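We number each residue from 1, following the sequence as shown. Small disclaimer: the values here were computed from a predicted structure and weren't measured.
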Amino acid sequence: MAPNTRSQEKKKVLFLCTHNSVRSQMAEGLLRAIYGDRYEAYSAGVSATTVNPHAIQVMKEIDIDISNQYSKTPKEFQDIIFDMAVTVCDRAKVSCPICSTNLEIPAEYPRAREVIHKSFEDPAAAVGSEEEQLRVFRRVRDEIKDWILHTFEKTLQI
C-alpha cells in the first residue's frame, strides 16, 4: 500500500444500538448524506429487528431516504475492521460485542480502531399521540445530526 493510500480511503464507521431500528439507522443515514465523500457508514444492533417507520418518515422530511436500510447484527460485519465504532445507546455500550480494539486476533464480530459512546434518547419509547411521538423522533434526529456535524467535521480537521 502506498504511503498516502490509507489517508485517501474513506473511513469506515459503525453505529450500534440495541435493535438497529432507530438511532443507529438515523446516524448511518445522516453520516452517509453529510460526509459520504469521506466516510462509509454502517449500522447494527445487538439484536436485529426492523427499521422503525417513524425513523424513515422523519429522515425523509430532511430529504434523506433510509427506507432501503435494514436491521443488522454486528456479526454481518465480522470481517471488517472499522476506523470507529459508535454506541448510541447505553444498553449497546454495555452489551455490544464490538468493543474489542484488539485488531490482531481473529474475531466473530467486527473490530474497530476506536470505540466511542454517545447516548441518545430512544424515540421508539415515546408515548402519546402520533404527532407527539414524531416530535420526539425529530428532536433525536436533530440531536444526532448536530453531533455528527460537530464530531466528524472535527475529525476531518485532524
Side-chain angles (χ1 to χ4, degrees), residues 1-56 58-60 64-125 137 140-141 143-158:
M1 183 182 307
N4 289 331
T5 305
R6 173 90 186 121
S7 63
Q8 293 172 356
E9 290 177 8
K10 288 184 182 183
K11 293 189 182 298
K12 292 176 175 64
V13 178
L14 178 61
F15 294 99
L16 296 147
C17 65
T18 306
H19 296 113
N20 193 219
S21 63
V22 180
R23 293 164 287 183
S24 54
Q25 293 285 349
M26 290 195 295
E28 175 186 352
L30 285 159
L31 184 62
R32 185 176 293 122
I34 297 167
Y35 295 124
D37 59 329
R38 298 176 182 111
Y39 293 95
E40 287 181 34
Y42 302 84
S43 67
V46 174
S47 59
T49 55
T50 59
V51 180
N52 187 299
H54 286 138
I56 294 170
V58 301
M59 292 297 287
K60 199 168 278 193
I64 298 175
D65 184 3
I66 64 168
S67 63
N68 290 324
Q69 291 179 199
Y70 64 97
S71 187
K72 303 160 287 299
T73 65
K75 263 191 158 174
E76 289 192 41
F77 305 113
Q78 70 183 32
D79 297 328
I80 298 176
I81 295 176
F82 289 91
D83 294 288
M84 180 184 291
V86 182
T87 53
V88 294
C89 75
D90 293 333
R91 278 186 63 197
K93 180 183 180 191
V94 170
S95 60
C96 190
I98 185 136
C99 293
S100 173
T101 54
N102 185 343
L103 307 180
E104 305 304 316
I105 59 169
E108 65 178 292
Y109 293 102
R111 290 153 290 158
R113 289 181 173 80
E114 178 183 6
V115 177
I116 63 172
H117 176 67
K118 174 60 177 163
S119 188
F120 296 97
E121 176 186 350
D122 183 4
F137 274 80
V140 172
R141 174 204 63 203
E143 289 171 2
I144 294 170
K145 181 181 177 184
D146 290 346
W147 180 81
I148 284 174
L149 285 167
H150 174 76
T151 302
F152 290 91
E153 181 62 29
K154 186 169 36 175
T155 302
L156 291 173
Q157 295 169 358
I158 293 174

For Ser43, side-chain hydrogen bond (donor to acceptor under 3.5 Å, both in side chains) partners two or more places apart: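 Partners of Ser43 under the side-chain hydrogen bond (donor to acceptor under 3.5 Å, both in side chains) test: Asn20, Glu28.
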Ring pair (Phe, Tyr, Trp, His ring centres under 6.0 Å) partners of Tyr42, counting only residues at least two apart: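 Counting only residues at least two positions away or on another chain, Tyr42 forms a ring pair (Phe, Tyr, Trp, His ring centres under 6.0 Å) with Phe77, Phe82.
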Euclidean distance, [Y] [atom2] relative to [X] [atom1], rounded to 0.5 Å:
| X | Y | atom1 | atom2 | result |
| --- | --- | --- | --- | --- |
| His117 | Leu16 | NE2 | CG | 11.5 Å |
| Tyr39 | Glu9 | OH | CD | 14.0 Å |
| Thr87 | Leu14 | OG1 | CG | 10.0 Å |
| Met59 | Ile144 | CE | CD1 | 8.0 Å |
| Glu40 | Lys11 | CD | NZ | 12.0 Å |

List the atom of [X], the atom of [Y], and the distance in Å for their closest heavy-atom pair.
| X | Y | value |
| --- | --- | --- |
| Ile66 | Gly29 | CG2-CA, 3.9 Å |
| Ile148 | Ala27 | CD1-O, 3.6 Å |
| Ser21 | Ala55 | O-CB, 4.1 Å |

Would you mind writing out the side-chain donor-acceptor pairs for residues 44-53 within the sub-3.5 Å range, not counting sequence neighbours?
{"from": "Thr49", "atom 1": "OG1", "to": "His19", "atom 2": "O", "distance (Å)": "3.1"}
{"from": "Asn52", "atom 1": "OD1", "to": "His54", "atom 2": "N", "distance (Å)": "2.7"}

Derivation and outcome, side chain to side chain contact (heavy atoms under 4.5 Å, CB included), residues Glu153 and Tyr35: CA-CA 9 Å; Glu153 181 62 29; Tyr35 295 124; 3.1 Å; yes
Cys89 backbone acceptor or donor facing Arg23 side chain under 3.5 Å: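 A pair under 3.5 Å: no.
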Main-chain N/O of Gln25 paired with Gln69 side-chain donor or acceptor, under 3.5 Å: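 Such a contact is found between Gln69 side chain and Gln25 backbone.
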Ion pair check, Lys12 and Asp83, cut-off under 4.0 Å: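 A salt bridge is absent here (no side-chain N lies under 4.0 Å from a carboxylate O).
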Set of side chain to side chain contact (heavy atoms under 4.5 Å, CB included) partners for Ile116, sequence neighbours left out: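 Applying side chain to side chain contact (heavy atoms under 4.5 Å, CB included) to Ile116 gives Met84, Val86, Glu114, Trp147.
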All side chain to side chain contact (heavy atoms under 4.5 Å, CB included) counterparts of Lys145, not counting sequence neighbours: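 Residues passing side chain to side chain contact (heavy atoms under 4.5 Å, CB included) with Lys145: Leu30, Ile34, Leu149.
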Those residues that, when tested against Lys118, pass salt bridge (Lys or Arg N to Asp or Glu O under 4.0 Å) (two or more places apart):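 Scan of Lys118 (salt bridge (Lys or Arg N to Asp or Glu O under 4.0 Å), adjacent residues dropped) gives none.
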Side chain to side chain contact (heavy atoms under 4.5 Å, CB included) between Met26 and Val88, worked out: CA-CA 11 Å; Met26 290 195 295; Val88 294; over 6 Å; no
